[in-house]
Amino acid sequence: RTLAERVAATDLPVLLRGESGTGKDVFARYIHAQSRRAAGPFVAINCGALAPELLESTLFGHKKGAFTGAVSDAKGLFLEANGGTLFLDEIGDTSLALQVKLLRTLESGDIMPVGASQSLRVDVRIVSATHRPLEAMSSQGTFREDLYWRLRGMEIVLPPLRERPEDLPLLAEHFLALAGKLVPGDRKSVV
């Protein structure tokens, strides 16, 4: 949390690492909320949930007629996140072709919608997350090393709950409060 607060004060890209379920999404939202971009949008996407062709159009937008089914222009998530934060969850699941386009955007601050002839300038902070070993993937040629270093302005490793037993009472309080059995901070009201 201390690292998240420290990096929130900057515009550095952040790479969150950890097993599934360690709270990477929660940390990404926290970093955004503590940053100077907090008044701007927080836009999240799970990169592993979409086919590579659809992910490119979803991130960068597209022009009408760029491909079958593109019946109108779509602005894409980079433009939707303009002035705020774009959270790229499961960044390790992206194709090499899309990694090239992401790298170009991170280097230049410009995006090129699918089917467009001119690029557009964006001001977006990138927070990405993965459970994959990106260094090993880089050495195997399945993740671009230059993109890895661009995404890793600050890396925060989130340990699994089994390594954080001191968090169990806090989580129990939280879930009991959600269930209406506990007033937050008042352990005497447990039924």
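Because the structure is predicted, anything quoted here is derived from the model rather than measured. Positions are given from 1, in the same order as the sequence printed here.
- Taking all atoms of both residues into account, the shortest heavy-atom contact from E19 to K24 is O-NZ, 2.9 Å.
- Here the CE-OG1 distance, from M154 to T10, works out to 7.0 Å after rounding to the nearest 0.5 Å.
- Between the CG atom in L86 and the CZ atom in F42 there is a gap of 8.5 Å [rounded to 0.5 Å].
- The two residues A8 and R125 have their closest heavy-atom pair at O-NH1, 3.7 Å.
- In this structure, the side-chain contact (heavy atoms from CB on, under 4.5 Å) partners of R121, at least two apart in sequence or on a different chain, are D110.
- Under the ring-ring contact (aromatic ring centres under 6.0 Å, His included) criterion, no residue pair touches residues 137-173, with sequence neighbours excluded.
- Cluster annotation: M112 and L98 are assigned to distinct hydrophobic clusters (Ile/Leu/Val/Met/Phe/Trp/Tyr, side-chain heavy-atom contacts under 4.5 Å, transitive).
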For residues 11-18, run the donor-acceptor check on the side chains, cut-off 3.5 Å, and write out each pair with its distance to 0.1 Å, sequence neighbours left out.
residue	atom	partner	partner atom	Å
D11	OD1	R37	NE	3.0
D11	OD2	R36	NE	3.4
D11	OD2	R36	NH2	2.3
D11	OD2	R37	NH2	3.3
R17	NH1	E135	OE1	3.3
R17	NH1	E135	OE2	3.1
R17	NH1	E155	OE2	3.3
R17	NH2	E135	OE1	3.2

Could you walk me through whether L88 and L102 pass the side-chain contact (heavy atoms from CB on, under 4.5 Å) check?
-> CA-CA 11 Å; L88 302 173; L102 282 169; 4.2 Å; yes

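- When the side-chain contact (heavy atoms from CB on, under 4.5 Å) test is applied to R6, the partners found at least two apart in sequence or on another chain are T2, L3.
- For the side-chain contact (heavy atoms from CB on, under 4.5 Å) test, residues two or more places apart in sequence or in another chain that qualify with E163 are P159, P160.
- Criterion: ILVMFWY side-chain heavy atoms under 4.5 Å apart, direct or through other members. Under it, V7 and I91 are not part of a common hydrophobic cluster.
- Closest of all the heavy-atom pairs between A33 and A38 is O-CB, 3.4 Å.
- Contacts of D93 classified as salt bridge (Lys or Arg N to Asp or Glu O under 4.0 Å), with partners at least two apart in sequence or in another chain: R132.
- Among residue pairs with one or both ends in residues 39-51, none qualify as salt bridge (Lys or Arg N to Asp or Glu O under 4.0 Å); sequence neighbours excluded.
- Of all heavy-atom pairs spanning C47 and E90, the tightest one is CB-O, 3.5 Å.
- For E145, the salt bridge (Lys or Arg N to Asp or Glu O under 4.0 Å) criterion is met by no residue, not counting sequence neighbours.
- Identified under the side chain to side chain donor-acceptor pair (under 3.5 Å) test for residues 42-56, with sequence neighbours left out: E56-K101.
- A side-chain contact (heavy atoms from CB on, under 4.5 Å) with L59 is found for exactly one of I45, L50, V43, namely I45.
- Taking CG of L134 as the reference point, atom CG of L147 lies at 8.5 Å (rounded to 0.5 Å).
- We find that R150 and D146 are not joined by a salt bridge, their nearest charged nitrogen and carboxylate oxygen being 4.0 Å or further apart.
- A chain of hydrophobic side-chain contacts below 4.5 Å, direct or via other Ile, Leu, Val, Met, Phe, Trp or Tyr residues, connects L158 to V127.
- Side-chain atoms of L151 and T130, non-hydrogen and from C-beta on, never get closer than 4.5 Å to each other.
- Note: D167 CG to L161 CG = 6.5 Å, rounded to the nearest 0.5 Å.
- A4 is linked by a side-chain contact (heavy atoms from CB on, under 4.5 Å) to F27, Y30, I31, I156, counting only residues two or more places apart in sequence or in another chain.
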For residues 77-85, which side-chain N or O atoms pair as donor and acceptor with protein atoms under 3.5 Å away, sequence neighbours left out?
residue	atom	partner	partner atom	Å
N82	OD1	D123	N	2.6
T85	OG1	H32	ND1	2.8

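- In this view, S57 and H62 satisfy the side chain to side chain donor-acceptor pair (under 3.5 Å) rule, not counting sequence neighbours.
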